[in-house]
Number of protein chains: 2
Amino acid sequence: MPTRRSKSPIRILSWNVNGLRACAKKGFGDWLEGSGAEIVGLQEVRAEPDQIPTELSQPEHWHASFSPAERKGYSGVGLYARRAPDRIHTALDETRFDSEGRVQIARFGRLAVANVYFPNGNGKDRDNSRVPYKLDFYRRLFERLQRLRRSGARVLVMGDFNTAHREIDLARPKANRRTSGFLPEECAEIDRWLDAGWIDTYRHFDPSPDRYTWWSQRFGVRAKNVGWRIDYVLASPAAMKFVENAMIYSDVQGSDHCPIGVEIDPGIFV
Amino acid sequence: MPTRRSKSPIRILSWNVNGLRACAKKGFGDWLEGSGAEIVGLQEVRAEPDQIPTELSQPEHWHASFSPAERKGYSGVGLYARRAPDRIHTALDETRFDSEGRVQIARFGRLAVANVYFPNGNGKDRDNSRVPYKLDFYRRLFERLQRLRRSGARVLVMGDFNTAHREIDLARPKANRRTSGFLPEECAEIDRWLDAGWIDTYRHFDPSPDRYTWWSQRFGVRAKNVGWRIDYVLASPAAMKFVENAMIYSDVQGSDHCPIGVEIDPGIFV
DNA sequence: CTTATAACG
DNA sequence: CGTTGTAAG
């Protein structure tokens, strides 16, 4: 059991940037430098590393790595860390998942950080045709991370889960029960994780309503805070012992999502 | 033979707007109202009539007609006239031409105005693969308008010819002899028209160099006037008797082309 | 470089 | 509504 607040906590952040190149033009670089973060996970990078400005693909004083999708301009995750990760895994060993640049599992000593862009359930025709793929992805990653927990790692899973867990997690729950992102079967997947002991770090510290991480770009609803909480940092029980705070940075602009994160006792690494 | 300056001349204008919807946002409507024109031909409308704001698809005090391409967002010509045309022909009776919205031949009494968007010779791979199509179009229209002349009409042909005729008509003639727009075989098509008696109205009145109607959008060359004169009003000999002036409105912004036009004795109609 | 499109979110 | 890719100019 660690001694709490023995040192100043380190910050681990996650942000779906909705296109890193576009976000870069809106000040992503300044945000990164001012973030005070030790580790930053990005989702929806939507670029190959060599399409990204060098200051962001290989920034000074960071270890950066990217896992793009095969399809250009689509999906893709990226990880910045001030210390070098021991290794990064990007494969779930199933082509339909691994071709879409959705997962980075980075090891830093005893800490494992999974940076994840869970699939959107919307299909081509604004239907829910991609929900089965999304649920399969949830299950495949769940099995992988349960194994990682059992191996002794302290695990954080952060990213865009594309699912609001409970009615409190979206502004219009009644209207969206048949919308992907709040389908009963999607919420049940989150339930499975929590039932297995994973902790929704933000909800652990703040039971307040109206705390969202994504707002549709249509109709200017962000100004009215008509949003969804679909970005999370989940902690395994062993990791949760080191989590001192969880944050939602609703004021940060540059994407349709805002950054989220946790503050952690640095003892988590050793 | 008309009496010159017996009445104030009427103005007939032509403009490749490079997307009427985009041009509309840059003040096309104000330009149209302030133009003092009797007839205005547009090229590269790049929209179906019902995609165009009503003020421009059915403007008050104008008779407007459009001939869009089958392919969305591509090519398309449009004509505004303060008096109703007797009729408008849009077909060259060859599908590969007529599907691309390139011609309107409007009759106003004894005056026939052909509003034309000649093909660009560039193919997909920045090659000259569409030059043969372009030359075929030139020839097909030439035959059609020669016939119209012989029928007794006073004919004006205005639009984006996509060809600079002589070295004086572009800023970098030496560098562009192998570029579509200044290929010998393209210039020869213009020669054919002039040899048949058509008059390049602008050149008739102004032998000056550095008079251009199009500037590449790349590298900001318009500020340096590195351009091409590829938009013309040609007049048949019978029409030329009524042409009192020809203009290039280089200062008008809103497209990569600028408007051009002629001033005509109104006796041309009767 | 800019206007369009479509896919995706 | 906005990002991205692609076609076209």
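Every chain is numbered from 1, with letters handed out A, B, ... down the list of sequences.
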- With a 3.5 Å cut-off and just heavy-atom distances, do the side chain of A:Q217 and the base of C:dG9 make a donor-acceptor pair? yes
- Is there a donor on the side chain of B:R126 or the base of D:dG9 sitting less than 3.5 Å from an acceptor on the other? no
- Message: Pick the closest DNA chain D nucleotide for B:R46 and for A:G73 by heavy atoms, then say which residue is nearer the 5' end.
- Response: A:G73
- Mapping A:F219 and B:D160 onto DNA chain D by nearest heavy atom, which one lands closer to the 5' end? A:F219
Rounded to whole Å, how long is the line connecting atom [atom1] of [X] with atom [atom2] of [N]?
{"X": "B:R130", "N": "D:dG9", "atom1": "CZ", "atom2": "P", "value": "6 Å"}
{"X": "B:R71", "N": "D:dT6", "atom1": "CZ", "atom2": "P", "value": "14 Å"}
{"X": "A:K124", "N": "C:dA7", "atom1": "NZ", "atom2": "C1'", "value": "7 Å"}
{"X": "B:D125", "N": "D:dG9", "atom1": "CG", "atom2": "P", "value": "13 Å"}
{"X": "B:R222", "N": "C:dT2", "atom1": "CZ", "atom2": "C1'", "value": "13 Å"}
{"X": "A:E70", "N": "D:dT4", "atom1": "CD", "atom2": "P", "value": "20 Å"}
{"X": "A:E44", "N": "C:dA7", "atom1": "CD", "atom2": "P", "value": "17 Å"}
{"X": "A:E100", "N": "C:dA7", "atom1": "CD", "atom2": "P", "value": "17 Å"}

- Between the main-chain N or O of A:T213 and the side-chain N or O of A:W228, is there a donor-acceptor pair closer than 3.5 Å? no
Of the listed nucleotides ([options]), which one gets closest to any side-chain atom of [X]?
{"X": "B:K72", "options": "C:dA6, C:dC8, D:dG9", "answer": "C:dA6"}
{"X": "A:K26", "options": "C:dT3, D:dG9, D:dT3", "answer": "D:dT3"}
{"X": "A:N18", "options": "C:dA6, D:dT3, D:dA8", "answer": "D:dT3"}
{"X": "B:R21", "options": "C:dA6, C:dC1, C:dA4", "answer": "C:dA4"}

- Query: Has B:R96 got more than 12 heavy atoms of other residues, nucleotides or ligands less than 6.0 Å from its CZ?
  - Reply: yes
- Message: Need one value for B:Q51: base, sugar-phosphate or nothing, where a base atom within 4.0 Å counts as base even if backbone is also close, heavy atoms only.
- Response: sugar-phosphate
- Task: Compare side-chain N and O positions of B:Y74 against OP1 and OP2 of D:dG9 and report whether any pair is under 4.0 Å apart.
- Result: yes
- Query: Honestly, is B:R71 close enough over B:Y74, meaning NZ or CZ under 6.0 Å from the six-membered ring centre and within 45° of the axis?
  - Reply: yes
- Establish, yes or no, whether the cationic atom of B:R102 lies under 6.0 Å from the six-membered ring centre of B:F97 and within 45° of the ring axis. no
- Query: Are the charged groups of B:R229 and B:D200 less than 4.0 angstrom apart, N to O?
  - Reply: yes
